[in-house]
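These values consider heavy atoms only, across backbone and side chains, with no hydrogens, waters or symmetry-generated copies. Start at 1 and go down the list; that is how both ligands and their atoms are numbered.
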Amino acid sequence: MTEVSLKSADGLATHLTPENFEALRAGLRGTLNFSGEAAYHLSRTIWNAMIDRKPAAIVRAVGAADVIRTVNFAREHGLLLAVRGGGHNIAGNAVCEGGLMLDLTPMKSVRIDPASRTARVEPGVTLGEFDREAQAFGLATPLGINSTTGVAGLTLGGGFGWLSRSFGLTVDNLLSADVVTADGALVRASEKENPDLFWAIRGGGGNFGVVTSFEFKLHPVGPDVIAGLIVHPATNARELLAEYRRIVLAAPDGLTCWVVLRKAPPLPFLPTEVHGTDVLVFAMCWAGDLESGKKAVAPLKALGKPYADIVGPMPFAAWQAAFDPLLVPGARNYWKSHDFTELKDEVIDLVLDSTRRAPSPDCEAFIGHLGGAVNRVPANATAYPHRDAEFILNVHTRWNDAADDSRCIVWARELFDKAAKYATGGVYVNFMPEDETARVRVGAYGPNYERLAKLKAKYDPTNIFRHNQNIRPAE
Ligand SMILES: Cc1cc2nc3c(=O)[nH]c(=O)nc-3n(C[C@H](O)[C@H](O)[C@H](O)COP(=O)(O)OP(=O)(O)OC[C@H]3O[C@@H](n4cnc5c(N)ncnc54)[C@H](O)[C@@H]3O)c2cc1C
């Protein structure tokens with residue numbers, strides 16, 4: 001190997017010798033990989049195919065010691081550092097161009113303690129892997145809706161899914177974390193140890209260090225829940241959404257129902273003539289006593305004349321993976337997202353008008369419903385501040401051909417811009433694409449930003465962890 005040119009943290013070029021890399025490699029349990037190696041391409045390939053970056057070198061860590069060595073190496077040589085958990089983030093910050101990438105995907109351990117109802121989870125674990133371990137004991141914690149997402153990035157941004165109205169955000173169920181900070185120290189963050197760091201990592205993303213282990217609280221869930229989809233023709237969507245709004249705002253915490261507006265995918269339970277037509281989908285889950293669940297979903301099942309209704313008892317772990325076939329990696333994706341305290345008629349009209357004109361069959365508008373336990377936590381209790389958001393609108397643009405980039409992105413921005421005046425101005429950091437850095441201060445963190453910036457100055461004064469939705473250290 002000859003001298004390698006890398007990008008430094010300040011964007012300039014820096015040169016390292018083969019001896020520098022050999023010294024790093026010699027201390028690792030995991031591997032150090034370069035372009036041309038299969039492991040290098042595995043690590044740099046992430047969910048969103050829009051992101052095609054080539055780090056100069058990649059460490060595939062297998063334990064906390066590898067993380068410490070990599071952080072120290074990056075800091076001592078002033079390198080640009082990117083950190084990958086599950087590699088699902090839309091912005092693609094898990095991979096950097098020209099710098100050093102720290103890939104945590106080999107760190108796969110999950111240890112469930114059924115007696116204390118807690119879990120220890122390493123940062124390479126996906127939601128599906130965590131769910132499978134926890135469900136063996138009839139336990140779960142709130143996670144997201146696509147089982148291939150990484151636990152690490154989801155948790156550090158906040159995290160919500162089908163269980164959140166009952167049990168809160170993923171971060172509301174985080175008990176502690178082991179964190180490698182910018183100085184290479186491994187510290188414990190919890191309510192008792194480094195509570196300021198614990199506050200910051202519950203929503204502050206990867207800004208404060210690399211988490212090498214998460215400890216979660218678990219809840220009895222399943223094995224069966226009441227869940228599934230009701231698919232309606234979009235022609236009646238306006239009336240259906242007005243009813244939906246009324247029903248979910250009065251629903252018990254145990255019921256969560258989200259909405260998807262898109263062209264019907266070729267789902268096996270839909271008649272073939274429906275495939276490709278505009279549909280409104282209610283996706284719902286009740287995780288509790290099944291008889292109560294049947295009553296809770298009844299008002300949604302009574303609405304209109306759907307093409308299909310497959311809501312009923314099913315294993316929780318299966319429902320957690322139900323959307324996976326529509327969300328496989330490898331497509332080009334661009335998202336825009338708004339929080340709302342209420343779903344006004346004007347927003348519904350905008351969404352319906354826009355989704356009818358969607359530029360590709362896989363584009364969709366998605367409306368998530370939060371509230372419940374999520375919104376009973378004060379906005380300053382954790383770094384995640386959006387405890388007033390009752391609904392989240394995501395414009396999910398998804399397509400395959402790079403030639404369609406511009407028209408797909410324009411479509412997403414247009415709906416986003418028109419809906420802005422009805423939104424809170426807040427945005428969930430994990431739904432922000434890479435071009436939204438201007439939304440970090442006010443949109444993502446709002447009232448919590450100043451405290452986060454001060455903690456950034458304490459834990460990462462030189463902003464080593466900058467390849468993310470970045471919180472700058474306070475002056
Ligand atoms: C199809 C799809 C569905 C989704 N559904 C949901 C959902 O239902 N609910 C929800 O809340 N979110 C959802 N998300 C958003 C998801 O929470 C984010 O994409 C999240 O960042 C994914 O985490 P990851 O580890 O896979 O990502 P990565 O891309 O690996 O990481 C994202 C960022 O997190 C940081 N990071 C990752 N691991 C660590 C670590 N161990 N220590 C420090 N920093 C780290 C890094 O800055 C990294 O750039 C969804 C995303 C997609 C693409």
With a 4.0 Å cut-off on heavy atoms, does [X] reach ligand 1?
X      : result
Gly157 : no
Gly92  : no
Phe323 : no

[X] N/O under 3.5 Å from ligand 1 N/O:
X      : value
Asn89  : yes
Phe431 : no
Phe214 : no
Gly161 : no
Gly206 : no
Trp258 : no
Gly150 : yes
Leu104 : no
Gly86  : yes
Val211 : yes

Below a 4.0 angstrom heavy-atom separation, can you tell me which part of [X], side chain or backbone, both or neither, approaches ligand 1?
X      : value
Asn146 : side chain
Asn48  : neither
Ala94  : both
Trp47  : side chain
Trp335 : side chain

State whether the side chain of [X] and the backbone N or O of [Y] hold a donor-acceptor pair below 3.5 Å, judged by distance alone.
X      : Y      : answer
Asn194 : Arg188 : yes
Arg117 : Pro220 : no
Gln135 : Val221 : yes

Distance filter under 4.0 Å to [X] heavy atoms, resulting ligand 1 atoms:
X      : result
Val210 : 42 (N), 43 (C)
Tyr428 : 10 (C), 11 (O), 12 (N), 17 (O)
Gly144 : 7 (C), 8 (O), 9 (N)

(request) Determine whether more than 12 heavy atoms belonging to other residues, nucleotides or ligands lie under 6.0 Å from atom CZ of Arg441. (result) no
(message) Any non-hydrogen side-chain atom of Val225 less than 4.5 Å from a side-chain atom of Trp162?
(response) no
Carboxylate-amine/guanidinium proximity below 4.0 Å for [X] and [Y]:
X      : Y      : result
Arg60  : Asp103 : yes
Arg387 : Asp172 : yes
Asp401 : Arg332 : no
Glu364 : Arg398 : no

(message) Going by the rule side-chain hydrogen bond (donor to acceptor under 3.5 Å, both in side chains), which residues pair with Asp388 if we only count those two or more places apart in sequence or in a different chain?
(response) none
(message) Strictly less than 4.0 Å: does any protein heavy-atom distance to atom 33 (C) of ligand 1 fall in that range?
(response) no
